[in-house]
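Reading through the structure tokens given below for one structure.
Heavy atoms only: backbone and side chains are in, while hydrogens, waters and symmetry mates are out. To find a chain, count down the sequence lines: A is the first, B the second, and so on, and within it residues start at 1.
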Amino acid sequence: MKTSVRTRFAPSPTGPLHMGNLRTALFNYLFAHHHKGKLIVRVEDTDKERSEKRWEEDMLSNLTWLGLTWDEGPYRQSERTKIYKASLEKLLNEGKAYWCFCSSEQLAQEREEQEKRGEAPRYAGTCRSLSKKEAQEKLKNGVPGVIRFLNPGRKISFEDLVRGTIEFDTSLSGDFVIAKDSENPLYNFTVVVDDHDMKITHVIRGEDHIPNTPRQILMQEALGFESPQYAHLPLLLGEDRTKLSKRQGDMSVTRFRQEGYLPESILNFLALLGWNPGGEQEVFSLKELVEKFSLDRVQKGGAVFDAKRLEWLSGHYIRETPLEELTKLALPYLEKSGVPIESLDSKKLQSIVQLFQERLKALGELPELAGFFFKTELEYETDLLKWKDMSSQKASESLERASNVLNGIVEPWSPESLEKALLETAGEDKGGLLWPLRVALSGRKASPPPFDIASILGKNEAIRRIRHAQHLLTS
RNA sequence: GGUCCCAUCGUCUAGUGGCCCAGGACGCCAGGUUCUCAUCCUGGUAACAGGGGUUCGACUCCCCUUGGGACCGCCA
């Protein structure tokens, strides 16, 4: 029987989960689920200085919000020091790693000289010749030291599932540091131990990790571990075609969540950055993505994060969401902007949301667009009430006609009956009647039709707003 | 600078030697529906980086050039 697929998502909690990380998580999820395997979440918090609990929480809560569930973990590297220590000692005992007591000043100087000579900077191997006894002696005397991997300096090649064969000459790396001391292993080392310990079959990560791979393979060999399969994903790029980072603005998942992008749209968008199933379909549910996903259709070149495309997808999903659900999702956004939603009946709220369903790219836009419904006093330029080059006099007269129509409406007070009555009165001059009315009701240059607004506002409030507009025109 | 990776419309991409004077989507532009906005519909704009091979035939295979990116930490 073939061993079942196990992938992992292994972020370091040194900042908020961002779109680049998330895409890596998504691809790991898709690959694992496509093969009926498991996704493991591992928190790489070996850097005690920079790791923070709140970032771990940010990551986990966002994954949960997006529906990217995991099957094992979260494991924390900070809780696994014993495991690393054992492997570290094994390497030390077998002479595959050694203590180094070179000072950082010394090393900086070495590096500088190498660079001056146009060489690749690497550790010269000064402490290689130290005997175990000498090293023990120094440690006992409290001399600070690090642990270096004894690099055999071979050529290493591996099969990347998206790029094919990749070759490196590891002699260019020198003896790299794998632990700050026996208690504090470093990333490159913990990854090797954990991926083996957690029986990871496929390491799917960003292509920025390609240069780490040969080192990790070297350590796997030294420890007698089998290598997992590797798949290096193209990077997510900003507008400037460089790796997504702070420079391109806030790319945290939390930001997009707060702005009201639906999880489906984010997932759909990210999945198609660097991968596509080949057809002309553009909209995919998570389930469909799982069905169709395969690493051999992953792109090799980096992909620019196109915010416009995300907006389009987001708007699309908002339009697809059932009204009742959308209203529920929109509530927190209205509440946050100070709309007294307790005082509104849910029917009314729902019709308001419905009005903007086709106008929203993200739920966070709702308070701004629909705000006029909840205000007692609208603020707008009086001139906005005038249709084309209409005079104040004419505008006021137009509003008078509109209010007469509204007054004359007997049951039902609905968008349809309002539209019918108003259009009848307007005749050929629709703009002349509808524009001033719509502005009087909404206070905005752009808004849904006056019929819908008046219908939700109710007759009294609609007429009150018209009177107020007339007052503005004549004063 | 060294090492590695990459290269089709502005962007995401389809294309695995003839189906391609290159298809779709987003964006943008124009038109239709319309009081405005949005939705929706129709149409348009726009790309195989360059040069050599291989081949009857290259977007597709090979090489070079150019361009871009990543990495070069006692970060991950």
Side-chain angles (χ1 to χ4, degrees), chain A residues 10-15 44-47 49-51 77 100 102 104 107-108 111 114-122 144-148 160 162-163 166-170 172-174 176-181 184 186-188 190-191 205-214 232 234-235 237 239 241-243 269 272-283 297 299-313 315-316 319 355-361 369 384 387-388 422-423 426 429-439 442 444-450:
Chain A
S12 62
T14 54
E44 310 226 312
D45 55 353
T46 51
D47 187 338
E49 246 90 276
R50 298 197 307 147
S51 297
Q77 293 191 322
C100 166
C102 296
S104 45
L107 293 171
R111 208 171 3 240
Q114 284 170 332
E115 273 172 22
K116 223 186 288 173
R117 272 176 276 147
E119 290 172 17
R122 73 186 115 156
V146 299
I147 301 173
R148 287 184 185 273
D160 189 285
V162 344
R163 282 151 221 278
I166 298 180
E167 283 182 311
F168 274 95
D169 182 356
T170 61
L172 265 28
S173 311
F176 49 91
V177 179
I178 57 175
K180 288 180 172 178
D181 54 57
N184 291 291
L186 259 19
Y187 162 78
N188 253 320
T190 55
V191 166
R205 52 174 25 168
E207 80 173 303
D208 46 346
H209 282 288
I210 290 178
N212 286 326
T213 309
H232 288 96
L235 259 21
L237 274 24
E239 296 282 297
R241 296 207 138 265
T242 64
K243 191 173 152 185
F269 170 68
L272 262 30
L273 283 180
W275 174 83
N276 86 84
E280 285 181 353
Q281 188 177 342
E282 304 283 344
V283 178
R297 294 199 63 94
Q299 213 75 20
K300 294 189 189 75
V304 174
F305 186 98
D306 181 4
K308 280 276 198 297
R309 196 178 164 82
L310 207 211
E311 283 181 1
W312 166 72
L313 263 170
H316 172 84
R319 275 169 248 130
L355 227 42
F356 293 97
Q357 184 165 23
E358 66 185 25
R359 282 165 244 262
L360 291 173
K361 292 200 233 0
L369 290 176
L384 197 58
W387 169 241
K388 292 183 174 168
L422 281 163
L423 254 29
D429 185 26
K430 284 193 208 165
L433 184 70
L434 298 180
W435 176 275
L437 172 61
R438 198 177 52 72
V439 173
S442 69
R444 298 188 130 251
K445 182 162 61 189
S447 80

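- Distance Glu207(A) CD to C72(B) P: 14 Å, rounded to the nearest Å.
- Within the 4.5 Å cutoff, the side chain of Ile178(A) has no heavy atoms near those of the Asn188(A) side chain.
- Closest approach to the Val177(A) side chain among C74(B), U36(B), C71(B) is made by C74(B) (side chain taken as heavy atoms from C-beta onward).
- Of the two residues near RNA chain B, Arg438(A) and Cys102(A), the one whose nearest nucleotide lies more 5' is Arg438(A).
- If you take CG of Leu384(A) and P of U36(B), they are 14 Å apart, rounded to a whole angstrom.
- Checking C26(B) for Watson-Crick or G-U wobble geometry (two distances, each under 3.5 Å) identifies G10(B) as its partner.
- Closest to the side chain of Arg50(A), from the set C71(B), A70(B), C75(B), is C75(B).
- Nearest nucleotide to the side chain of Arg319(A), out of A76(B), U36(B), U39(B): U39(B).
- Put simply, the side chain of Arg163(A) and the base of C5(B) share no donor and acceptor less than 3.5 Å apart.
- Comparing the P positions of U39(B) and A25(B) gives a spacing of 16 Å, expressed to the nearest Å.
- The backbone N or O of Ala303(A) lies less than 3.5 Å from no partner atom in the side chain of Arg241(A), so there is not a single donor-acceptor pair.
- Per the geometry, CZ belonging to Phe168(A) stands 8 Å off C1' belonging to C5(B), to the nearest Å.
- Rounded to whole Å, the C1' atom of G10(B) lies 33 Å from the corresponding atom of G1(B).
- For Thr242(A) and Trp387(A), each mapped to the nucleotide of RNA chain B holding its nearest heavy atom, the one lying further toward the 5' end belongs to Trp387(A).
- For the pair Leu422(A) CG and U36(B) C1', the interatomic distance rounds to 15 Å; values are reported in whole Å.
- Asp181(A) comes within 4.0 angstrom of no nucleic acid atom, judged by non-hydrogen atoms across all strands.
- Counting only distance, with no hydrogens or angles, the side chain of Asp45(A) and the backbone of Pro13(A) share no donor-acceptor pair below 3.5 Å.
- G52(B) and G44(B) have their C1' atoms separated by 37 Å, given to the nearest Å.
- No side-chain heavy atom of Asp160(A) sits less than 4.5 Å from a side-chain heavy atom of Thr213(A).
- When both pairing distances are held under 3.5 Å, U54(B) makes no Watson-Crick or G-U pair with any nucleotide shown.
- When Watson-Crick and G-U wobble pairs are counted only if both distances are under 3.5 Å, G73(B) pairs with no nucleotide at all.
- Counting non-hydrogen atoms under 4.0 angstrom, Thr46(A) reaches the backbone sugars and phosphates but no base.
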*Summarise how protein sits on nucleotides 7-14 of chain B as a single string, 5' to 3': B when a protein heavy atom is under 4.0 Å from the base, S for sugar-phosphate-only contact, - for no contact.*
----BSSS
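- Base engagement by Pro449(A) is indicated by at least one non-hydrogen atom pair under 4.0 Å involving a base atom.
- Note on His232(A): nothing from the nucleic acid sits closer than 4.0 angstrom, heavy atoms only.
- Heavy atoms of Gln357(A) sit nowhere under 4.0 angstrom from any nucleic acid atom.
- In this structure, CH2 of Trp435(A) is placed 5 Å from C1' of U36(B), rounded to the nearest angstrom.
- Within 4.0 Å of Arg111(A), counting heavy atoms only, lie sugar-phosphate atoms of the nucleic acid but no base atom.
- Distance alone, capped at 3.5 Å, is enough to place a donor-acceptor pair between the Arg297(A) side chain and the Asn276(A) backbone.
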*Could you go through the side chain to side chain contact (heavy atoms under 4.5 Å, CB included) check for Phe168(A) and Ile210(A) one step at a time?*
CA-CA 10 Å; Phe168(A) 274 95; Ile210(A) 290 178; 3.8 Å; yes
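- Under 4.0 angstrom from either OP1 or OP2 of G27(B) there lies no side-chain N or O belonging to Lys308(A).
- When the C1' atom is compared between A46(B) and C12(B), the two are found 15 Å apart, to the nearest whole Å.
- Nucleotides U16(B) and G27(B) are separated by 28 Å at their P atoms, to the nearest Å.
- The separation of U11(B) from C28(B), taken at their C1' atoms, amounts to 12 Å, rounded to a whole angstrom.
- Residues Ser447(A) and Arg359(A) are not in side-chain contact: their nearest non-hydrogen atoms beyond the backbone lie 4.5 Å or more apart.
- Neither OP1 nor OP2 of C72(B) sits under 4.0 Å from any side-chain N or O of Ser173(A).
- A close approach under 4.0 Å does not occur between any side-chain nitrogen or oxygen of Lys361(A) and OP1 or OP2 of A38(B).
- If you check every strand for non-hydrogen atoms under 4.0 Å, Val146(A) touches a base.
- When heavy atoms are screened at a 4.0 angstrom cut-off, Lys445(A) is found touching base atoms of the nucleic acid.
- Atom NE2 of His209(A) and atom P of C75(B) are 15 Å apart (whole Å).
- Atom CZ in Arg205(A) sits roughly 14 Å away from atom C1' in C5(B) (whole-Å rounding).
- Applying the Watson-Crick and G-U wobble criteria (two distances, each under 3.5 Å), A38(B) pairs with nothing in any strand.
- Going from the C1' atom of C62(B) to that of U54(B) covers 7 Å, rounded to whole Å.
- Contact annotation for Arg122(A): no contact, since no heavy-atom pair falls under 4.0 Å across all strands.
- Within the 4.5 Å cutoff, the side chain of Leu423(A) has heavy atoms near those of the Leu434(A) side chain.
- The partner of U60(B) cannot be assigned: no Watson-Crick or G-U wobble pair with both contacts below 3.5 Å exists in any strand.
- The separation of U60(B) from C9(B), taken at their P atoms, amounts to 14 Å, rounded to a whole angstrom.
- Note on ring orientation: taking the six-membered ring where Trp is involved, the planes of His209(A) and Tyr187(A) are tilted (angle from 30° to 60°).
- Regarding contacts with the backbone of C26(B), a side-chain N or O of Trp312(A) is found under 4.0 angstrom from either OP1 or OP2.
- Looking only at distances, no side-chain donor or acceptor of Trp435(A) sits under 3.5 Å from a matching main-chain atom of Lys430(A).
- Following rounding to the nearest Å, Tyr187(A) (OH) and A76(B) (C1') show an atom-to-atom distance of 6 Å.
- Using a 4.5 Å heavy-atom threshold, the side chains of Arg163(A) and Glu207(A) count as touching.
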